[in-house]
There are 2 protein chains.
Amino acid sequence: MGKPTRTKQLDPAAVCRSSDPMAVRELLTKVGDKWTIFIVLSLDLLGGRARFSELERAVPGISQRMLSSTLKTLERDGMVTRELFPEVPPRVEYEMTDLGRSLLRPTQGLVDWVKENWQQVRDAQSRYDER
Amino acid sequence: MGKPTRTKQLDPAAVCRSSDPMAVRELLTKVGDKWTIFIVLSLDLLGGRARFSELERAVPGISQRMLSSTLKTLERDGMVTRELFPEVPPRVEYEMTDLGRSLLRPTQGLVDWVKENWQQVRDAQSRYDER
DNA sequence: CCCATAACTTACCTCGACGTAAGTGACTGA
DNA sequence: TCAGTCACTTACGTCGAGGTAAGTTATGGG
């Protein structure tokens, strides 16, 4: 009798049931950074379109540097558009694209999960820590 | 006529439509780290229960250090349980909890989004970069 | 002449995530 | 006696995300 070799081999590409597991990680990394969700959800709350300074006020604690760079990434990824009005002082408006809006659905799923389950996570952490 | 003061004030706590926006960010940060999704989805693919070495093989490129520390975080958060069998050499089995499984649903939503929209992101990046 | 304003950029620094490599403990089989 | 196995831990080093603070640009208003 051979010893029970329970070594199921995994197709590396099959992880995530996705043709591109790296893309999934890349997206999660983007969305999981410090400011992206706050900016995206604030922009949505502001009606899908807002100026730089509005977002600055809407996201408490963010610095101009981080707001600027996060918005630039969002723009590069096609999640928002940037429109510059050549006035003085300058005015810039950011608007969510359809692509950006489409990401809100699955994201809201995570928000809902937190609403329902976060207390359980907190409890588990407490149980783990004491002991 | 007053000039259009479009300054909608945001309730900081209302961002994310959640009572605890920080919790949402915390979750995203956890899930958005380098190895968590791969481990969680691999564990699911392996039937919800697997040994350390099985996961090591299932997640190509991960080091023992990162597998160990990520699993420890997952355990602390109540996403997986750890069972040690006092044999020599030791055997340890990790199993997804109901809480962990419940997170798979919204996560799968993101996986699906990537499957359908990632090419658009790639295209947007290309358009942004050339120019 | 000088200041305020909006939307940035630049310089500099810190700190933690993550990688690499080696060590550990307890036992088994050769 | 010695190598091998598994599931780790420890030590050490790098690198980049992100914080802080100051500078920039162009113009109208006092």
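For the numbers below, each heavy atom of this structure counts, side chains included, while hydrogens, waters and symmetry mates do not. A, B, ... follow the sequence lines: proteins, then strands. Residue 1 opens every chain.
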> OP1 or OP2 of C:dC18 less than 4.0 angstrom from a side-chain nitrogen or oxygen of B:Ser69, does that happen here?
Replying inline: no
B:Phe38 atom CZ is separated from C:dC18 atom C1', nearest whole Å, by 15 Å
Atom CD of A:Glu93 and atom P of C:dA7 are separated, to the nearest Å, by 9 Å
**Message:** Could you tell me if the side chain of A:Lys30 sits less than 4.5 Å from the side chain of A:Asp77, heavy atoms only?
**Reply:** yes
Point to revise | Side-chain heavy-atom pair B:Asp33, A:Leu28 within 4.5 angstrom cut-off | key: no
In whole angstroms, the gap separating C1' of C:dG25 from CZ of B:Arg91 amounts to 18 Å
From CG of A:Leu67 across to P of C:dA6 the rounded distance in Å is 14 Å
Scoring nucleotides 13-28 of chain D by protein non-hydrogen atoms under 4.0 Å (B base, S sugar-phosphate only, - none) yields -----BBB-----BB-
Here the distance between atom P of D:dC6 and atom CD of B:Glu54, to the nearest Å, is 11 Å
So CG of B:Asp44 and CD1 of B:Ile37: to nearest 0.5 Å the spacing works out to 13.5 Å
Inset, instruction - Please examine the side chains of B:Leu103 and B:Leu27, heavy atoms only from C-beta on, and report whether any two atoms are closer than 4.5 Å. - result: yes
A:Phe52 atom CZ is separated from C:dT9 atom C1', nearest whole Å, by 10 Å
Evaluate the side-chain contact (heavy atoms from CB on, under 4.5 Å) criterion for residues B:Gln108 and B:Val111: first the C-alpha distance (whole Å), next the side-chain angles of each, then the deciding distance (0.1 Å), finally the verdict. CA-CA 5 Å; B:Gln108 191 59 38; B:Val111 173; 3.7 Å; yes
One should read off an interatomic distance between B:Leu55 CG and B:Tyr94 OH, to the nearest 0.5 angstrom, of 8.5 Å
Taken to the nearest whole Å, CD/B:Glu87 to C1'/C:dA26 is 13 Å
Taken to the nearest whole Å, CG/A:Leu71 to P/C:dA6 is 17 Å
Review point. Just checking B:Phe85: base, sugar-phosphate only, or nothing, at a heavy-atom cut-off of under 4.0 Å?
Key: nothing
